[in-house]
Number of protein chains: 2
Amino acid sequence: MTVHLGALSRSRRATKRPLLDVVAEVLLAQPGASLAEVAEFAGISRTTLHKHYATRDELVRAVGQRATEIWEQAVDRVADEPGTKAGLRQLLAAMIESGPQLTFLWRNPALDEDNELTRRYIDVENRCLAVLDRARKEGVLAATTPDWWLLQTLYALVYTAAESIQFGKLAPLDAPDLALSTLLNGLGAPATGAGSGKPDKGESE
Amino acid sequence: MTVHLGALSRSRRATKRPLLDVVAEVLLAQPGASLAEVAEFAGISRTTLHKHYATRDELVRAVGQRATEIWEQAVDRVADEPGTKAGLRQLLAAMIESGPQLTFLWRNPALDEDNELTRRYIDVENRCLAVLDRARKEGVLAATTPDWWLLQTLYALVYTAAESIQFGKLAPLDAPDLALSTLLNGLGAPATGAGSGKPDKGESE
DNA sequence: ACCGAGGTGAACAGTCATGTTCGGAACGGT
DNA sequence: ACCGTTCCGAACATGACTGTTCACCTCGGT
């Protein structure tokens, strides 16, 4: 039951990107892909793949580890930023850029089995939250939003933006701004006469 | 390689809910679950499961069909609503309620193979969009947001809310309002002082 | 008491992914 | 020219899941 991996197939193959990145994408598009398929799309033989990662489980965990690593670096890059809109924008940009890896991480409950990975996950999530908290204290984010909802919404927007980019609907350079604006202001009609200048028709509830 | 389905297992088992609903949840938590596992969590024998749906593919497609059906009904229920906040709230409520089914639908690229299902999917998505469009014309939603971003954001919020409910973080009755508020206003700090104006501290970007 | 519908457990053949082994090719360094 | 490393293709044993069959049970209706 080979489901086509469509757009992925030819373009990415045989390029010299980090192996685990390719694996993450394949396994994301086709969670049930066989190791033979994964190897093919990575441009190596199944034997070689097995030599690097003895079992499928080991491979999946390696991808998870790398995804976490990438996330950690993304958060680190904005750790010193003040809690401003610009800081948030940078966090979003960094996370959206790593969209596939993060999505892989978020979508694989099986990774929870790995204790060290779970520890690092919780850790980086907390650091992520710390950034958001700073923005909250700066008055950029609403003070009343619960932590978990803030985080989940952030994840959701990162995921959506990354997916839109992959589908070609969204220009990579537009993504951070769009996501940030949606996160902060939502998609409701701007308040009439408000700061962002949009003289509109009357309020309409 | 049995990964535990944790919270799902005992509580739901053997209850008399529609079979396909249980299947959707199991297959969502554990996409690689064997039919034996699926049957067990549905509280029936594998033989019986096979009698209803001859092959795994057929089962998956049936779940997809049902998910689409549920979505159609949810949209139908608000099709006559005017494009007000209340109307949007109802759409969100209906969709969040069907969270697991919709998530299953959104996450299974394999379902695209089914032409009829794809047709119905596109159709209900368009009707969904029509509801949003009406809200846009009423000035509830920003006029400038592209259709696809609006839809994707809606999906993201529905998914996030449903997941939060499943994790016990969010009370089902609170979900629609939280999602609606996030969709319309985002999570930024509310405008200070005036009703909707924004005489704020220095802009930070 | 009979009967049919729907459910069950046991068993079986077929298929496929997995993990492993091995002989050999290619390549770079010495 | 030699050697170690790395990759490769082929082949194999194993195990898991699948789909199917069959004999049996257990109800509810007649």
Handout entry: Heavy-atom donor-acceptor pair, B:Ser45 side-chain to C:dG9 base, under 3.5 Å
Key = no
Completion exercise
To the nearest angstrom, the CZ-P distance between B:Arg56 and D:dT18 comes to 5 Å
Handout entry: Minimal non-hydrogen separation, B:Gly64 against B:Leu105, with atom names
Key = O-CD1, 3.7 Å
Handout entry: Test: B:Asp147 and B:Arg136 ion pair at under 4.0 Å
Key = yes
Handout entry: Interatomic distance, A:Glu40 CD vs D:dC8 P [rounded to whole Å]
Key = 12 Å
Exercise for the section: Starting from P on C:dG9, measure out to NZ on B:Lys51 and report it in whole angstrom. Expected result: 12 Å
Handout entry: N or O in side chain of B:Thr48 less than 4.0 angstrom from C:dT8 OP1/OP2
Key = yes
Completion exercise
Separation of D:dC17 atom P from B:Glu37 atom CD, nearest Å, is 7 Å
Problem - Test of ring centre spacing under 6.0 Å for A:Trp106 and A:Tyr155 - result: yes
Exercise for the section: Would you tell me if any nitrogen or oxygen in the side chain of B:His50 comes within less than 4.0 Å of OP1 or OP2 on D:dT21? Expected result: no
Handout entry: Comparing A:Ile44 and B:Ala36 on DNA chain D - which has the more 5′ nearest nucleotide
Key = A:Ile44
Problem - NZ/NE/NH1/NH2 to OD/OE distance under 4.0 Å, B:Asp123 and B:Arg120 - result: no
Completion exercise
Separation of D:dC17 atom P from B:Tyr53 atom OH, nearest Å, is 22 Å
Practice task
Kindly point out which of C:dC22, D:dG19, C:dT8 is positioned nearest to the side chain of A:Thr47?
Solution key: C:dC22
Problem - Contact nearer the 5' end of DNA chain C, comparing B:His52 with A:Leu35 - result: B:His52
Practice task
Choose from D:dC8, C:dT8, D:dC12 the nucleotide whose nearest atom is closest to any side-chain atom of A:Arg46.
Solution key: D:dC12
Completion exercise
note: B:Leu49, atom CG; D:dT20, atom C1'; distance rounded to Å ~ 14 Å
